[in-house]
Amino acid sequence: MRVAFVSGNREQLPDAVIPLGLLYVMASTPDRHEKVLIDLCFEPEPEAALARALADFAPDVVALGMRNIQRADYTGRGDTLLWYADLIATIRAVTPAPVVLGGSGFSVMPRRLMDRLRPDYGIPGEGEEAFPALLAALEVGSNGQAIAGVLRADARPPGGV
């Protein structure tokens, strides 16, 4: 499978950061998968850069890392949810590949973000085991239902939350 790992973080204040979590998940993905990292932090036109990179790579799966849900500039104002909604819309406009959302920001409130942003899958917490397991399931046509730690957009827990 071809897997695009997208770092959606654009925060540069107080400092830009390396997308370590996403890189750990990328490193844990077996080498039989073709992988590419798309880091949008310093792109002057990030949505256009993302669309071009996805069109060129033609992924089977897009793993989107969400580092923050709030801006990190110390103002306490604003969140990044519209930004991630726009990224998912850009991904969906370019490729039919399923979107897997994860990262520290996603892990803060995963079920609410699944409902709001509507990725196909979500992985709260560490993804080094769950993400490769999800890829293995997708390879054989499964929807990943039996994988611990993987949320699916088409599944709701008993009782709703």
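Since the model is a prediction, treat every value here as computed from it, not as a measurement. The residues of the chain are indexed from 1 along the displayed sequence.
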Practice task
Check salt bridge (charged side-chain N to carboxylate O under 4.0 Å, His left out) between E129 and all other residues, then give those that pass, not counting sequence neighbours.
Solution key: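 Applying salt bridge (charged side-chain N to carboxylate O under 4.0 Å, His left out) to E129 gives none.
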For [Y], is there any backbone N or O sitting under 3.5 Å from a side-chain donor or acceptor partner on [X]?
{"X": "R2", "Y": "F57", "result": "yes"}
{"X": "S142", "Y": "A137", "result": "no"}
{"X": "W83", "Y": "N9", "result": "no"}
{"X": "D60", "Y": "M1", "result": "no"}
{"X": "T90", "Y": "D86", "result": "yes"}
{"X": "S7", "Y": "D39", "result": "no"}

Give the minimum heavy-atom separation between [X] and [Y], together with the two atoms involved.
{"X": "L117", "Y": "M66", "value": "CD1-CE, 4.0 Å"}
{"X": "I38", "Y": "A53", "value": "CD1-CB, 3.6 Å"}
{"X": "P110", "Y": "L151", "value": "CB-CD1, 3.8 Å"}

Close side-chain approach of [X] to [Y], heavy-atom, < 4.5 Å:
{"X": "L101", "Y": "M114", "value": "no"}
{"X": "L40", "Y": "L87", "value": "yes"}
{"X": "P59", "Y": "V3", "value": "no"}

Handout entry: Over 12 foreign heavy atoms within 6.0 Å of CD, E126
Key =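 Count not over threshold, so no.
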Exercise for the section: Output, in order, the C-alpha distance, side-chain angles, deciding distance and verdict of side chain to side chain contact (heavy atoms under 4.5 Å, CB included) for L64 and V100. Expected result: CA-CA 6 Å; L64 176 58; V100 182; over 6 Å; no
Using 0.5 Å steps for rounding, measure from the [atom1] atom of [X] to the [atom2] atom of [Y].
{"X": "D120", "Y": "L134", "atom1": "CG", "atom2": "CG", "answer": "10.0 Å"}
{"X": "Y24", "Y": "T29", "atom1": "OH", "atom2": "OG1", "answer": "14.5 Å"}
{"X": "E45", "Y": "L50", "atom1": "CD", "atom2": "CG", "answer": "13.0 Å"}
{"X": "F106", "Y": "R111", "atom1": "CZ", "atom2": "CZ", "answer": "9.0 Å"}
{"X": "E47", "Y": "R52", "atom1": "CD", "atom2": "CZ", "answer": "12.0 Å"}
{"X": "I123", "Y": "E128", "atom1": "CD1", "atom2": "CD", "answer": "10.0 Å"}

Practice task
Please step through side chain to side chain contact (heavy atoms under 4.5 Å, CB included) for the pair L81 and L113, ending with a clear verdict.
Solution key: CA-CA 9 Å; L81 300 185; L113 291 170; 3.5 Å; yes
Exercise for the section: Output yes when E139 and R32 qualify as a salt bridge under the 4.0 Å nitrogen-oxygen rule, no when they do not. Expected result: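 Salt bridge flag = yes for R32 with E139.
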Exercise for the section: Kindly say whether the aromatic ring centers of F5 and F131 come within a distance under 6.0 Å. Expected result: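 They qualify: ring centres under 6.0 Å apart.
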